[in-house]
Amino acid sequence: QVQLVESGGGLVQPGGSLRLSCLASGSILDINTMGWYRQAPGKQRELVARITRGSRTNYADSVKGRFTISRDNAKNTVYLQMNSLKPEDTAVYYCNAQITAMPLSVSRDYWGKGTLVTVSS
């Protein structure tokens, strides 16, 4: 009953910026931690950033100072503002959220299908 849909990916030049969005929909009772992960070709999926319902944040060392995660609880949406992009940021970016939704009464992880970010000149 829950769906996460990412948007905002695309092609940008090194040094450019992109803003990713992820909207959660369905019979949602509560959303706890939300986060962004990425997977580059030939590499394992890795955590980029995550944010609690109270807006406490964590970032991977490789993006700290360049990326900012935020959320709008009223809109069930999480964002990732990406600045000073580098070619090594190229990856499919996935949204993740811990959600309690009907008919379940416990929280579980949900994943979006991903959005491609390509950083190239």
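This chain uses plain numbering: 1 for the first residue, then up along the sequence.
Smallest separation of non-hydrogen atoms from Pro14 and Ser121: CD-N, 3.7 Å. Contact between Gly9 and Leu20 at its shortest, heavy atoms only, is N-CD2, 3.6 Å.
Both cation-pi conditions hold for Arg45 and Tyr94: the charged atom is under 6.0 angstrom from the six-membered ring centre and inside a 45 degree cone around its axis. A cation-pi arrangement, defined by a distance under 6.0 Å to the six-membered ring centre and an angle within 45 degrees of its axis, is present between Arg19 and Tyr79.
Atom CG of residue Leu80 and atom CD1 of residue Ile69 lie 6.0 Å apart, to the nearest 0.5 angstrom. Put simply, CE on Met34 and SG on Cys95 are 5.0 Å apart, with the number rounded to the nearest 0.5 Å. Atom OH of Tyr93 sits about 5.5 Å away from atom CE of Met82, to the nearest 0.5 Å. Note: Asp30 CG to Ser105 OG = 12.5 Å, rounded to the nearest 0.5 Å.
Heavy-atom contacts from other residues, nucleotides or ligands closer than 6.0 Å to CZ of Arg71 number more than 12.
Between the side chain of Glu46 and the backbone N or O of Gln39 there is no donor-acceptor pair closer than 3.5 Å. Judged purely by atom type and a 3.5 angstrom limit, Arg108 has no side-chain atom pairing as donor or acceptor with the backbone of Leu104.
For the residue pair Ser27/Gln1, the side-chain donor-acceptor check at 3.5 Å is satisfied. Defined by atom type and a distance below 3.5 Å, a donor-acceptor pair is missing between the side-chain atoms of Thr77 and Asp72.
Residues Thr90 and Val117 form no side-chain contact, since every pair of their non-hydrogen atoms from C-beta on lies 4.5 Å or further apart. Inter-residue side-chain proximity for Arg38 and Asp89 is flagged as met; some heavy-atom pair is nearer than 4.5 Å.
Taking the six-membered ring wherever Trp is involved, the centroid distance between the rings of Phe67 and Trp36 does not fall below 6.0 Å.
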